[in-house]
Amino acid sequence: MVPKRSRLAQERSRDTRRAILRAALELWAQRGYENGFERMTTEEIAARAGVSKATFYLHFARKEDILLHTGWITAGVVYEDALAEVAAGRELDVAVDRMMNRLGRRVQRVPRAALRRILDAQMSMPRASAIEGEAFGLEQAFLALLQPALEAGQLPERVSVTALATMLKAITIDAIWQWSADDSDQLPVVLRQRAAVVLVGARHTLDAVR
């Protein structure tokens with residue numbers, strides 16, 4: 001059991017981090033998503049959040065880590081969706097379809113310029129820059145669905161759920177990146193179609209190589 005004092009300290013730390021994140025996103029929106037992130041400084045973010053510059057660096061090693069953290073929050077929401085689908089007892093294909101639909105709808109509410117900047121940070125920044133204990137990827141969300149499905153016999157016994165989760169993440173990120181660069185409003189449909197193809201392919205490929 002976590003001591004009350006330690007739990008309160010953890011909650012204060014989370015609240016401070018959220019305040020910094022919220023301040024950065026507000027400043028970014030005010031200055032324009034195309035290049036506003038580069039124009040704002042850590043001092044301005046800290047002042048907006050009501051904390052010192054030292055406190056900012058206690059939570060984020062660099063300004064760009066805010067972009068990583070934003071992506072991890074999204075992945076955490078998808079993970080919660082996955083747990084809800086498992087708890088509801090839905091079949092894997094239905095659960096993935098529903099989860100992808102919700103993810104697509106959420107992402108479409110993000111300005112494309114901001115999304116491209118966040119994705120670029122996710123793909124280009126070294127893992128060493130990750131905030132200790134906070135890194136959270138889409139793989140965990142997909143694994144939360146795939147592992148119970150494997151145990152329930154909804155996937156072939158020989159399938160690697162880790163590899164399958166990695167594939168689902170790859171097609172998801174690629175679809176979101178492509179959407180951020182065009183004017184389509186069909187991201188939920190594209191995500192659902194791609195996920196369905198991956199699941200069907202995983203089952204049939206294993207059958208074909210026996």
Q | Between OG1 on residue Thr162 and CE on residue Met167, distance to nearest 0.5 Å | A | 10.5 Å
Q: For residues Ala46 and Ser52, report the shortest heavy-atom separation together with the two atoms involved.
A: CB-O, 3.8 Å
Q: First locate atom CD of Glu64, then atom OG1 of Thr42, and finally report the distance between them rounded to the nearest 0.5 Å.
A: 10.0 Å
Q. Is Val190 reachable from Trp179 through a run of hydrophobic residues whose side-chain heavy atoms are each under 4.5 Å from the next?
A. no
Q: Under the side-chain contact (heavy atoms from CB on, under 4.5 Å) rule, what do Val51 and Leu58 come out as? Steps first, then yes or no, please.
A: CA-CA 11 Å; Val51 300; Leu58 182 65; over 6 Å; no
(Q) If we check side-chain contact (heavy atoms from CB on, under 4.5 Å) with Leu187, which of these qualifies: Asn101, Asp182, Val107? (A) Val107
(Q) Applying side-chain contact (heavy atoms from CB on, under 4.5 Å) to Leu168 and Met99, what does each step give before you reach the verdict? (A) CA-CA 12 Å; Leu168 286 168; Met99 192 170 78; over 6 Å; no
Q. Has Arg105 got more than 12 heavy atoms of other residues, nucleotides or ligands less than 6.0 Å from its CZ?
A. no
Q: Enter the distance from Leu138:CG to Ile171:CD1 here, rounded to the nearest 0.5 Å.
A: 10.0 Å
(Q) Applying the side-chain contact (heavy atoms from CB on, under 4.5 Å) criterion to Thr74, which one of Leu103, Ile176, Val110, Ile118 satisfies it? (A) Leu103
Q. Between Arg116 and Glu34, is there a salt bridge with N-O shorter than 4.0 Å?
A. yes
(Q) Walk me through whether Glu151 and Gln147 qualify under side-chain hydrogen bond (donor to acceptor under 3.5 Å, both in side chains). (A) CA-CA 6 Å; Glu151 295 169 358; Gln147 188 61 48; 3.2 Å; yes
(Q) Consider side chain to side chain donor-acceptor pair (under 3.5 Å). Of Arg31, Arg39, Glu38, which one does Asn35 pass it with? (A) Arg39
Q | Contacts of Lys63 that satisfy side-chain hydrogen bond (donor to acceptor under 3.5 Å, both in side chains) - sequence neighbours left out | A | none
Q | Closest approach of Leu164 to Ala202 (non-hydrogen atoms, all atoms of both residues) | A | CD1-CB, 3.8 Å
Q) Less than 4.5 Å apart, any side-chain heavy atom of His69 and any of Arg18? A) no
Q: Take Asp15 and Arg12 through the test salt bridge (charged side-chain N to carboxylate O under 4.0 Å, His left out) and record every step on the way to the result.
A: CA-CA 5 Å; Asp15 289 344; Arg12 284 196 297 270; over 6 Å; no
Q. With a 4.5 Å limit on heavy-atom distance, are the side chains of Gln140 and Lys169 in contact?
A. no
Q | Heavy-atom pair with the smallest gap, counting every atom of Leu92 and Leu145 | A | CD1-O, 3.9 Å
Q: With rounding to the nearest 0.5 Å, note down the distance linking CE in Met40 to CG in Leu27.
A: 6.0 Å
**Q.** Leu67 and Trp28, any side-chain heavy atoms less than 4.5 Å apart
**A.** yes
Q) Say you draw a straight line from CG of Leu146 to CD of Glu139; how long is it, rounded to the nearest 0.5 Å? A) 11.5 Å
Q.
Using 30° and 60° as the class boundaries, would you call the ring planes of Phe60 and Phe56 parallel, tilted or perpendicular?
A. tilted
**Q.** Where Ala175 and Arg194 come nearest, the two heavy atoms and their spacing
**A.** N-NH1, 3.4 Å
Q) Val77 and Glu80: side-chain contact (heavy atoms from CB on, under 4.5 Å), yes or no, with the steps? A) CA-CA 5 Å; Val77 172; Glu80 294 298 326; 5.7 Å; no
Q: Check for a donor-acceptor pair, side chain of Arg203 on one end and backbone N or O of Gln154 on the other, with a separation under 3.5 Å.
A: yes
Q: Identify the two heavy atoms, one from Pro188 and one from Gln108, that lie closest to each other, and give their separation to 0.1 Å.
A: CD-OE1, 3.2 Å
Q | Value rounded to 0.5 Å, distance of CZ in Arg192 from CE in Met100 | A | 11.0 Å
Q) Are Tyr57 and Leu21 connected, step by step, through hydrophobic side chains (Ile, Leu, Val, Met, Phe, Trp, Tyr) whose heavy atoms are closer than 4.5 Å? A) yes
Q.
Under 4.5 Å between side-chain heavy atoms, counting indirect links through other Ile/Leu/Val/Met/Phe/Trp/Tyr residues: same cluster for Ile73 and Leu25 or not?
A. yes
(Q) What I'd like to find out is whether the side chain of Glu91 reaches to under 4.5 Å of the side chain of Asp93, using heavy atoms alone. (A) no
Q. At their closest point, which heavy atom of Ala82 faces which heavy atom of Ala144, and how far apart are they?
A. CB-CB, 4.0 Å
(Q) Please check this pair: side chain of Arg48 against backbone of Ala23, looking for a donor-acceptor N/O pair closer than 3.5 Å. (A) no
Q) Are any side-chain N or O atoms of Ser180 and backbone N or O atoms of Trp177, one a donor and one an acceptor, separated by less than 3.5 Å? A) yes
